[in-house]
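Have a look at the structure below before the remarks.
Each ligand, and each atom within it, is numbered from 1 in the order the structure gives.
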Amino acid sequence: MIELSQLLACTHDALIATDKDLVITFWNDTAEALFGWPEKAALGRSLEEIIKIAVTGPGSETDPKWGEYRKHLVEQGSYNRNAAFHSKDGRLIHANVRAKAIRDENNEFKGAAFSFLDTANNKKTDQSVQTCVDCYRALFDMVYEGFCVLEIMSDEQGKPFDIRILGANPAFNKLTGKIVGDLMKDFLESPLDYYIGIYNRLDLKNGPAHFEYKSRSQDRYFDVFVYVIDNTKKIILGVLFQDVTECRQNEKLLGQYRERLAAAMDAAHMAYWDWDPVSDRTILSDTASGLLGLRPGETLDCSNEGSKLVHPDDVEHYRSIVLKAVDTGGNWHCEYRIIKPRNGEIAWLEERASTKKDPETGMTYQSGIMWDITDRKKDEIALLQAKEQCELDRKNLEAIMEVIPSGILLIDANERKVCYMNRRAIELYGCDFTDRVLKDHVKLLRLKKLDGTNYPVEELPVYQSLVYGREIRNREMTINRVDGTTIPIMASSAPLFDSEGKITTAIIIFDDISEHKRTESALQESENKYHSLFSSMDEGLCIMEPVYDEFKKPIDFRLIDANSAFEKLTGMKNPVGCMIRSLFPEVEDHWLIAMDVVAHGGKPLQCVKEAKRLGRWFSLSAFSVQTNGLDALAVLFYDVTRERVERDEMAKLLKVQDEVFANVSHELKTPLSVIFSTIQLLELYTQRGALDANRYSVYKSIKTIKQNCYRFTKLINNIVDLSKIDSGFFKLNLSNENIVDIIKNIVQSIAEYISGKGLSVVFDTEVEEKLIACDPAKIERVILNLISNAIKFSNPLGTISVMISDHGDQVEIAVRDTGIGIEEKYLDAIFERFNQVDKTLTRNAEGSGIGLSIVKSIVDLHNGSVSVESKVGRGSTFRVYLPVRTVGQPKEQKQKIPSLNRVDMINIEFSDIYYL
Ligand code: ADP
């Protein structure tokens with residue numbers, strides 16, 4: 001190549017080569033002589049700058065400029081024309097310019113070669129042409145490319161029939177074995193027409209044409225350049241063969257390598273890019289486009305575009321690395337974030353790239369590979385965060401261990417040494433044992449069991465954890481502190497393992513339990529007290545736990561403890577474990593629910609409940625207690641049956657009193673006002689001295705006063721009797737009497753009175769004598785009351801019958817009337833106090849509603865019974881049944897009821913009948 005350039009330097013043509021931008025890269029001596037610019041000054045400067053195109057006359061100002069020459073070359077490949085130029089010193093130069101484009105293997109325009117032939121001096125030119133031809137010939141003889149001059153031989157019709165070699169260089173001879181003068185037709189691989197066809201297709205008008213030819217017989221590729229030497233009479237062509245087989249093979253291999261590399265990189269999710277400094281364009285592999293969030297095939301039109309994708313936080317770092325690499329021409333490695341332009345997604349990329357300076361052009365080329373490390377970065381960040389968290393946790397843990405109220409000790413399993421003691425541990429030991437060996441530590445502490453015996457080393461929690469990897473909880477022992485005092489402690493220990501399961505550390509936690517022990521014995525004491533109290537108290541006390549169904553609804557309570565008073569009061573033997581429903585089968589669900597609420601901390605409840613099965617009433621106080629950490633119910637109770645009965649009786653009494661006052665007040669007022677007004681009348685007669693004149697009226701007035709006094713008496717008797725009955729003081733004075741006589745006498749006594757009321761009276765008896773034990777005065781009161789009612793509720797002309805029947809063990813006394821009768825719905829109630837069927841004032845008699853209740857009480861006291869049958873409008877029958885029995889009482893002692901007494905009694909009993 002050196003000889004070639006020397007050769008070119010000394011030709012008579014000014015030879016100039018440029019790059020694609022027409023920047024001068026070659027400048028021979030002739031060029032220097034022609035244009036006046038020395039080579040040094042010319043190289044690196046553009047043609048435009050150095051060789052000015054001259055304007056030589058009208059019209060020549062439209063001559064093409066260098067830019068247009070370049071365009072023509074890029075498009076056409078060559079040109080040949082005459083033009084005028086200015087030399088460095090302004091001299092006008094007329095020259096024939098021939099130019100040819102230089103292209104790379106991809107046919108890309110890479111530069112141009114120019115030859116300027118000074119036409120002002122043709123002679124000189126001829127000489128120089130000759131010299132040049134010689135030069136070329138020498139050159140062609142030397143080069144490795146085969147060169148030949150061929151003539152296409154045609155017949156008279158112009159049809160080609162052979163090709164003759166007119167000239168050939170040694171390389172051609174070597175390649176083909178042919179020499180000047182040889183005919184080619186028989187030598188050709190393909191028929192002659194094939195080559196003629198190629199020739200015809202070539203565009204040879206604008207200089208040499210180029211095509212690639214594959215020799216099948218030699219399996220080689222040739223770049224063939226053809227140009228026309230003459231085509232006037234004969235067709236004479238110059239042909240240059242360049243064996244490019246290796247080049248093609250290399251290209252093919254390169255292509256394969258590229259493909260494989262791309263496939264491998266794709267498989268590794270790697271992407272590559274290539275930056276061309278000339279076009280300032282970055283070619284991206286599809287994977288690279290994908291990584292950058294661009295479309296497949298998309299390129300980055302300038303290096304700046306790539307930087308724009310880099311995350312703002314990483315831009316400075318990225319740029320500094322890249323610029324440094326560019327400066328030093330080295331490689332770079334960088335991890336940075338990008339923001340994908342389409343979706344704004346952030347991805348981490350790792351990039352390795354190299355910069356290479358082309359020694360010839362001085363250009364810096366860059367290419368690199370990159371891959372997505374987002375996941376790895378995420379993991380790294382997570383790991384970092386985890387590490388930070390870990391560190392934080394460790395610090396926190398240390399801080400916690402320092403403030404924790406328990407002593408903490410860590411023992412290194414390998415060295416059997418105390419490797420950490422927290423503040424509390426040091427405080428409890430009385431000194432810092434850190435770094436002491438375990439054996440010393442145990443010895444110094446003189447560990448003992450609470451009963452004072454030595455603690456065997458192999459039983460110690462720390463030993464169990466270190467040797468057997470066991471977790472030991474809550475072992476009590478005493479330690480001897482450095483100051484000589486002994487304290488009880490509770491210690492637990494646990495082993496810590498490494499990832500292979502080997503014990504690395506034993507952790508011991510211990511607490512001073514002096515206070516706990518003190519409270520424990522105090523508790524024990526109070527529990528003992530509680531137990532003696534529990535069993536000695538008179539009140540029943542039991543502890544129960546709720547029993548639930550599947551829906552968590554309390555359905556019973558199980559006794560878990562009970563004192564002896566409980567057993568005494570309930571009669572239950574060994575009640576623990578028994579269900580409360582067995583004691584109170586009637587206990588209601590709502591009561592169980594309420595007690596469950598109390599058991600779980602609800603407000604204590606107090607109530608009085610009846611244990612029907614026991615026939616007793618209890619006053620209960622229920623409250624919540626904890627047993628074995630569970631909610632339970634404590635019930636304290638005592639027997640209130642007596643108080644309950646007394647209270648009920650008192651309540652009844654009070655009720656009676658209330659009723660008596662309510663009902664009787666009216667009854668009291670009526671006779672009182674009658675008496676009062678009658679007395680006023682008598683008073684008037686007396687004042688006027690008209691007593692005699694009004695004798696009859698005075699007599700009637702006195703009778704009225706008397707009757708109302710009887711009414712008073714009846715009422716007061718009844719009230720007194722009622723309260724006697726209620727308080728149990730109403731007693732019978734029993735004697736053996738002929739009941740028939742008693743009844744007969746009383747009916748006879750009032751027969752006249754009844755007839756006087758316009759009513760008939762009938763007495764009938766089945767037996768003449770029936771001796772029974774009875775209180776005759778009270779029986780008379782019963783019969784008088786029944787007859788008095790019969791009169792009160794009879795219609796005029798009615799009949800009242802009194803009948804005695806003997807039923808053997810019973811005597812029946814029936815009092816029947818034909819009066820107004822009683823509605824069926826009132827029949828059951830009339831024997832109750834203050835029950836009156838008709839409370840209006842339209843009745844023909846007065847009454848307090850007490851009479852029948854006293855009748856019933858008297859009959860009951862005789863162990864008899866009373867009943868009623870009645871039909872409204874038809875009358876009523878009251879039957880009194882008295883048992884036939886006698887009492888051991890001598891007949892003589894019997895007190896006869898004085899007849900006056902009976903009259904009074906009749907008057908009293910009948911006092912509330914009108915029109916007496
Ligand atoms: P009273 O003093 O009001 O008569 P009693 O206790 O004797 O009170 O009677 C209660 C009620 O029973 C009477 O008020 C009356 O309504 C009804 N009664 C009692 N005896 C008879 C009867 N023979 N005929 C109809 N009703 C009667």
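For ligand 1 and Lys792, the ligand atoms under 4.0 Å from any heavy atom of the residue are 1 (P), 2 (O), 4 (O). With ligand atoms numbered from 1 in the order given, ligand 1 contributes 5 (P), 6 (O), 7 (O), 9 (O), 10 (C), 12 (O), 19 (C) to contacts under 4.0 Å with heavy atoms of Leu852.
No more than 12 heavy-atom neighbours from other residues, nucleotides or ligands sit within 6.0 angstrom of NZ on Lys856. The number of heavy atoms from other shown groups lying within 6.0 Å of CZ (Arg874) does not exceed 12.
The closest approach between any non-hydrogen atom of Gly819 and ligand 1 is not below 4.0 Å. Using a 4.0 angstrom heavy-atom cutoff, Tyr826 does not count as in contact with ligand 1.
Between Gly851 and ligand 1, at least one N/O pair is under 3.5 Å apart.
Inspection of the Ser870 and Ser876 side chains reveals an N or O donor paired with an N or O acceptor under 3.5 Å. Residues Tyr548 and Asp596 have side chains that bring a donor and an acceptor to within less than 3.5 angstrom of each other.
Looking at Ile739 and Val884, their side chains never come closer than 4.5 Å, going by heavy atoms from C-beta outward.
Residue Leu786 does not touch ligand 1, judged by heavy-atom distances below 4.0 Å.
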